[in-house]
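A short worksheet on the structure shown next.
Computed over heavy atoms, backbone and side chain alike; hydrogens, waters and symmetry mates excluded. Being a predicted model, the structure only gives us computed values, none of them experimental. Ligands are counted one by one from 1 in listed order, and the atoms in each one are counted from 1 as well.
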Amino acid sequence: MIPSMSMETHSFSLGVRVAPFVKRTVTVYHVPRLRNLNRTYPAAQCILPQPPLINHSPTLRDICQPHVPTHILQRMEEIGYVMPTDVQREALPHLFSGRDCILHAQTGSGKTLTYLLLIYSIINTLKSSVQALVVVPTRELGMQVTKVARMLAAKPTGVDEEQKSCTVMALLDGGTLRRHKSWLKAEPPTVVVATVGSLCQMLERQIFLLESVRVLIVDEVDFIFNSSKQVSSLRKLLTSYSSCNNRQTVFASASIPQHRRFLHDCVQQKWTKSDVIHIHVSPVEPMPSRLCHRFIICNNKRKLQTLLSLIQSDAPESGIIFVGEQSEKSKKAGNAPSTDLVIDFLKTSYEGPLDIVLLEDDMNFNSRAVSLLEVRKGGGYLLVATDIAARGVDLPEMSHIYNFDLPRTAIDYLHRAGRTCRKPFSDMKCTVTTIIVPEERFVLQKYENELMFNSEELIP
Ligand SMILES: Nc1ncnc2c1ncn2[C@@H]1O[C@H](COP(=O)(O)OP(=O)(O)OP(=O)(O)O)[C@@H](O)[C@H]1O
């Protein structure tokens with residue numbers, strides 16, 4: 001059912017009530033013993049969830065001392081990271097003890113800070129070598145992680161003493177590899193944040209060696225394993241790293257399908273040590289509970305109008321409109337991509353205060369960077385994007401997500417939805433609205449079952 005486009009108020013009402021969400025829990029699994037694994041993967045040992053947060057719960061500083069240098073802790077607090085999120089509270093003690101780890105926690109739960117604090121607890125800035133590697137699937141996520149890493153490493157206010165600071169290099173697709181090569185040779189940075197392709201080029205040419213790397217992080221690991229362009233390079237990297245002494249490996253994502261199998265593979269392939277630990281935060285609630293899910297049914301011809309009415313009715317602070325990638329068949333047929341259709345339509349029909357910005361794979365790297373700068377400069381915007389913006393990109397002001405096209409999988413739904421609700425201690429309600437044609441209702445229902453959420457139908 002769709003709202004009538006002549007409707008003056010542009011408001012929608014909700015058809016169905018949602019079931020209350022289950023409580024958040026943290027579960028820690030230790031890897032099952034290999035010899036038991038010939039048939040299926042047995043239940044991993046499970047440590048009972050930690051007691052709920054009470055008033056005297058430890059601060060991030062309490063958890064990080066004495067592992068993380070004081071100036072980093074000072075910077076962390078200056079930035080506003082004082083209390084730990086669930087994943088930070090649960091994972092950091094294990095990480096500081098040297099365990100390899102699979103960090104499996106909701107979108108926006110603070111996995112980046114978790115692994116960066118581990119990195120700062122390990123590196124020695126007096127040594128001139130690459131000591132930490134963070135592997136990411138996209139240039140956009142790489143730029144973001146680099147920014148947070150540099151922010152933490154900057155000198156805190158009021159500290160004058162000169163100490164050798166940590167240098168962070170972004171080695172990302174679309175960058176100038178020649179410049180990076182000279183940098184790596186002349187004065188190796190302490191931390192490298194890299195996309196898999198660029199990293200492997202440097203390693204193959206022996207511009208730097210994995211032997212000096214004390215910690216390897218693979219962020220959005222399931223995405224990289226699923227990417228036909230990236231998976232073989234990642235496997236090669238993990239296999240090379242497995243022969244290094246003194247190593248620690250961390251995999252992070254909000255979605256790790258078949259995580260027991262993955263855990264087993266990690267040990268069997270020696271990508272991790274055998275005592276790797278799986279930190280699974282909120283396993284029964286894969287998405288933030290502050291998220292409200294809605295859907296609206298319309299026919300294909302009315303999708304653009306429906307989108308516009310939704311935006312007018314919601315008046316988002318900022319929103320992302322996710323559009324499916326154009327198929328090869330559609331490209332060959334000379335059709336315009338859906339992103340163009342949506343952008344052109346909004347530019348001519350939307351009269352609200354938000355800027356309209358495009359981010360898609362087919363843009364060149366510079367234009368992609370310009371789009372992200374534009375949305376990060378503050379002020380409201382509507383970002384029309386393909387799934388390139390669905391992984392890891394942190395836009396804390398985002399209040400609304402619109403699925404103009406249904407995501408291809410439940411996991412894609414989870415990551416798109418996860419671009420909202422990104423302030424860990426906020427009460428702000430965020431909304432995900434999916435526009436579907438009648439035949440797609442059962443697919444959305446499947447995602448609801450898989451991800452354990454309820455979606456409310458919008459009725460005019
Ligand atoms: N302890 C903390 N206190 C306050 N804010 C925090 C804390 N930890 C992280 N944040 C903020 O939470 C937001 C989300 O963090 P982050 O990007 O690390 O999430 P994530 O778990 O990596 O999500 P995704 O799976 O989507 O990549 C960021 O804006 C970050 O600055």
Side-chain angles (χ1 to χ4, degrees), residues 24 26 53 57-64 68 72-73 75-92 95 101-120 134-138 140-152 193 217-224 250-256 279-282 285-288 290-291 318 320 322 372 375-376 378 385 387-399 401 411-428 430 432 451:
R24 169 168 301 196
V26 178
L53 204 65
S57 48
T59 60
L60 263 174
R61 181 181 279 268
D62 294 334
I63 296 170
C64 293
V68 179
I72 301 280
L73 296 180
R75 272 300 290 156
M76 177 184 84
E77 287 165 350
E78 267 177 26
I79 296 167
Y81 303 141
V82 177
M83 295 308 293
T85 61
D86 287 346
V87 67
Q88 290 157 4
R89 194 177 47 249
E90 195 55 40
L92 283 168
L95 292 173
C101 180
I102 295 170
L103 279 183
H104 190 176
Q106 290 177 345
T107 51
S109 58
K111 295 183 287 295
T112 313
L113 182 64
T114 312
Y115 64 67
L116 287 178
L117 287 171
L118 167 68
I119 288 177
Y120 286 117
V134 182
V135 177
V136 292
T138 61
E140 283 71 19
L141 181 54
M143 283 159 56
Q144 182 178 293
V145 172
T146 305
K147 190 174 161 203
V148 183
R150 285 180 181 156
M151 253 163 44
L152 281 169
V193 179
I217 314 286
V218 183
D219 203 351
E220 305 293 347
V221 59
D222 58 315
F223 182 94
I224 304 183
V250 177
F251 297 106
S253 182
S255 54
I256 305 197
I279 306 279
H280 197 177
V281 181
S282 304
E285 189 190 351
M287 274 187 284
R290 288 180 287 123
L291 260 178
S318 283
I320 302 187
F322 279 106
L372 268 187
V375 297
R376 290 219 157 99
D387 283 280
I388 189 178
R391 286 280 181 156
V393 175
D394 184 41
L395 301 166
E397 307 311 322
M398 184 63 57
S399 62
I401 299 294
I411 285 180
D412 289 347
Y413 185 101
L414 179 137
H415 286 276
R416 285 184 182 185
R419 293 318 100 205
T420 59
C421 280
R422 299 193 62 82
K423 288 186 181 167
F425 303 106
S426 153
D427 290 333
M428 182 174 149
C430 304
V432 183
L451 299 171

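- Remark: the backbone N or O of M428 is paired with a side-chain donor or acceptor of R290 at under 3.5 angstrom.
- Close N/O approach between G110 and ligand 1 is found [any backbone or side-chain N/O within under 3.5 Å].
- Judged by the shortest distance from any of its heavy atoms, H415 lies outside the 4.0 Å radius around the atoms of ligand 1.
- The shortest contact between atom 17 (O) of ligand 1 and any protein heavy atom is with R422 NH2, 3.1 Å.
- Among residues two or more places apart in sequence or in another chain, the side chain to side chain donor-acceptor pair (under 3.5 Å) test is passed with Y120 by none.
- Regarding atom 29 (O) of ligand 1, its nearest protein heavy-atom neighbour is D394 OD2, 2.5 Å.
- Looking only at heavy atoms of the protein, atom 25 (O) of ligand 1 is closest to K111 NZ, 2.7 Å.
- Under a 4.0 angstrom heavy-atom cut-off, A105 registers as lying outside contact with ligand 1.
- Closest to atom 7 (C) of ligand 1 among all protein heavy atoms lies Y81 CD2, 3.6 Å.
- Every atom of ligand 1 is numbered from 1 in the order shown, and the set under 4.0 Å from a heavy atom of Q106 is 21 (O).
- Distances between N or O atoms of G418 and those of ligand 1 include no value under 3.5 Å.
- Among the atoms of S109, some N or O lies under 3.5 angstrom from an N or O of ligand 1.
- Contact annotation for R419 and ligand 1: only side-chain heavy atoms (C-beta onward) come within less than 4.0 Å of the ligand.
- In this structure K423 satisfies the salt bridge (Lys or Arg N to Asp or Glu O under 4.0 Å) test together with E397, sequence neighbours excluded.
- When each atom of ligand 1 is checked for a heavy atom of F425 under 4.0 Å away, the hits are 3 (N), 4 (C).
- Put simply, the side chain of R391 never gets that close to the backbone of H415: no donor and acceptor are under 3.5 Å apart.
- Numbered from 1 in the order shown, with element, the atoms of ligand 1 that lie under 4.0 Å from a heavy atom of E220 read 27 (O).
- Taking every non-hydrogen atom of L60 and a distance limit under 4.0 Å, the qualifying atoms of ligand 1 come out as 1 (N).
- Listed by atom number, the atoms of ligand 1 under 4.0 Å from T112 heavy atoms are 16 (P), 17 (O), 18 (O), 22 (O).
- The protein heavy atom nearest to atom 23 (O) of ligand 1 is G108 N, 2.8 Å.
- The shortest N or O to N or O distance between Q88 and ligand 1 is under 3.5 Å.
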